[in-house]
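Just so we're clear, the structure is a prediction, and the values are computed from it rather than from any experiment.
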Amino acid sequence: MIYTKTGDKGTTSLVGGSRVAKDDKRVEAYGTVDELNSHVGLLAEMLRQQKGGYYDELKAVQRNLFTLQTLLATEDEALYARLPQLDPVEVEMLERQIDTLTDLLPRLQNFVIAGGNMVGAQSHVCRTVCRRAERCVVTLAREAKIDDVILRYLNRLSDYLFVLARYAVVSTGAQEDLYIS
């Protein structure tokens with residue numbers, strides 16, 4: 001059954017069973033990562049049929065985001081230690097992907113206005129939701145112990161999504177919409 005009615009009064013369960021308000025900072029953090037995961041899923045599906053379309057990389061990102069969501073939803077330290085953890089190698093993989101894409105792009109001297117094509121626009125949506133998720137985790141980290149690899153991953157992921165957005169536009173021969181003041 002999909003509904004339990006246990007959240008009808010504005011609370012939800014964390015991993016391990018403790019109940020918190022649905023607007024708790026921990027819920028806000030993992031909920032925003034969940035929102036990001038959904039947007040990344042849409043982006044992946046938009047790229048599924050494109051050769052070299054980064055579908056597999058985005059599916060790996062989604063798996064990593066699920067790991068982050070679970071970790072962020074767990075306040076019990078003993079239980080947290082038994083859960084699958086995000087390997088710091090995942091941050092390094094994002095860095096390699098960023099470097100690879102950056103090498104394929106013209107040097108940037110202006111701000112980029114989101115858009116260019118549907119894939120580029122959706123990648124920018126992912127990037128901005130990722131930045132919001134990062135801010136939520138920073139807020140949570142003021143009160144709770146958060147593994148630094150989580151923040152590093154989200155920070156790098158937003159950079160990856162930015163260069164992926166640029167690549168999605170430039171690789172099709174479209175022009176980036178640059179902000180020139």
Side-chain angles (χ1 to χ4, degrees), residues 1-45 54 57-99 101-102 111-112 114 121-166:
M1 182 175 341
I2 189 68
Y3 59 89
T4 62
K5 300 182 183 181
T6 58
D8 289 353
K9 296 198 190 279
T11 64
T12 191
S13 292
L14 298 177
V15 173
S18 63
R19 295 200 65 80
V20 296
K22 288 186 176 183
D23 64 352
D24 183 89
K25 290 175 184 157
R26 186 172 293 280
V27 177
E28 186 67 27
Y30 75 72
T32 305
V33 173
D34 186 32
E35 180 184 352
L36 170 61
N37 205 339
S38 294
H39 280 292
V40 170
L42 176 59
L43 180 60
E45 291 307 317
Y54 296 90
E57 288 86 351
L58 291 170
K59 296 312 281 185
V61 165
Q62 285 192 283
R63 287 187 289 280
N64 288 334
L65 291 174
F66 263 104
T67 298
L68 292 186
Q69 287 170 240
T70 304
L71 294 171
L72 291 169
T74 307
E75 63 182 353
D76 179 286
E77 290 184 27
L79 178 56
Y80 185 99
R82 294 192 309 267
L83 292 172
Q85 302 294 311
L86 185 66
D87 190 326
V89 165
E90 297 296 333
V91 176
E92 295 167 10
M93 288 179 65
L94 284 174
E95 290 171 351
R96 283 193 300 276
Q97 292 169 347
I98 291 166
D99 293 343
L101 287 170
T102 300
F111 289 107
V112 175
Q122 178 60 26
S123 190
H124 278 294
V125 169
C126 292
R127 174 188 58 80
T128 59
V129 174
C130 187
R131 286 291 187 205
R132 181 162 36 92
E134 182 182 14
R135 291 190 302 271
C136 290
V137 174
V138 166
T139 299
L140 176 61
R142 288 192 192 108
E143 299 176 1
K145 183 181 173 197
I146 301 298
D147 191 338
D148 70 325
V149 71
I150 292 174
L151 282 169
R152 287 194 346 256
Y153 186 82
L154 289 172
N155 190 23
R156 228 52 102 254
L157 179 57
S158 64
D159 294 336
Y160 169 73
L161 293 164
F162 176 75
V163 294
L164 182 60
R166 291 192 66 217

Exercise for review: Work out which heavy atom in R127 is nearest to a heavy atom in S158; give both atom names and the distance.
Suggested key: CG-O, 3.6 Å
Review point. Where the side chain of E134 meets the backbone of Y153, is there a donor-acceptor pair that is under 3.5 Å apart?
Key: no
**Study point:** Closest heavy-atom pair and its distance - L72, I146
**Key:** CD2-CD1, 4.0 Å
Point to revise | NZ/NE/NH1/NH2 to OD/OE distance under 4.0 Å, E28 and K25 | key: no
Check your understanding: Is any side-chain heavy atom of N64 closer than 4.5 Å to a side-chain heavy atom of L157?
Key -> no
**Study point:** Interatomic spacing from OG1 in T128 to CG in L36 - rounded to 0.5 Å
**Key:** 9.5 Å
Review point. Would you find a donor on one side and an acceptor on the other, under 3.5 Å apart, between the side chain of T102 and the backbone of I98?
Key: yes
Check your understanding: Got a second to check how far Y30's OH is from T70's OG1, nearest 0.5 Å?
Key -> 10.0 Å
Revision key, fill the gap. Scanning both residues in full, the closest heavy-atom pair of G41 with Q62 reads CA-NE2, 3.3 Å
Review point. Got a second to check how far Y54's OH is from Q97's CD, nearest 0.5 Å?
Key: 8.0 Å
Exercise for review: First locate atom SG of C130, then atom CG of L161, and finally report the distance between them rounded to the nearest 0.5 Å.
Suggested key: 6.0 Å
Check your understanding: Of the non-hydrogen atoms in P84 and L71, which two are nearest, and what is the gap between them?
Key -> O-CD2, 3.6 Å
Point to revise | V125 side chain reached by L42 side chain, heavy atoms, under 4.5 Å | key: no
Practice item. Evaluate the side chain to side chain contact (heavy atoms under 4.5 Å, CB included) criterion for residues F162 and V112: first the C-alpha distance (whole Å), next the side-chain angles of each, then the deciding distance (0.1 Å), finally the verdict. Key: CA-CA 9 Å; F162 176 75; V112 175; 4.0 Å; yes
**Study point:** E77 (side chain) donor-acceptor with E75 (main chain) under 3.5 angstrom
**Key:** no
Exercise for review: Please examine the side chains of L43 and H39, heavy atoms only from C-beta on, and report whether any two atoms are closer than 4.5 Å.
Suggested key: no
Review point. If you round to the nearest 0.5 Å, how far is CD of E45 from CD of Q122?
Key: 11.5 Å
Study note, to complete from the structure: All heavy atoms of A29 vs all of L140, minimum pair found to be CB-CD2, 4.0 Å
Check your understanding: Quick one: are V20 and R26 in side-chain contact, heavy atoms under 4.5 Å?
Key -> no
Point to revise | Full working for side chain to side chain contact (heavy atoms under 4.5 Å, CB included) between L101 and Y160 | key: CA-CA 9 Å; L101 287 170; Y160 169 73; 3.9 Å; yes
**Study point:** Heavy-atom closest contact (T67 atom, L86 atom, distance)
**Key:** CG2-N, 3.9 Å
Review point. Is there side-chain contact between R135 and V138, with at least one heavy-atom pair below 4.5 Å?
Key: no
Exercise for review: Answer yes or no: is there a donor N or O on one side and an acceptor on the other, between the side chain of R19 and the main chain of T11, under 3.5 Å?
Suggested key: yes
Check your understanding: Looking at CZ of R156 and CD of E90, how far apart are the two atoms once the value is rounded to the nearest 0.5 Å?
Key -> 13.5 Å
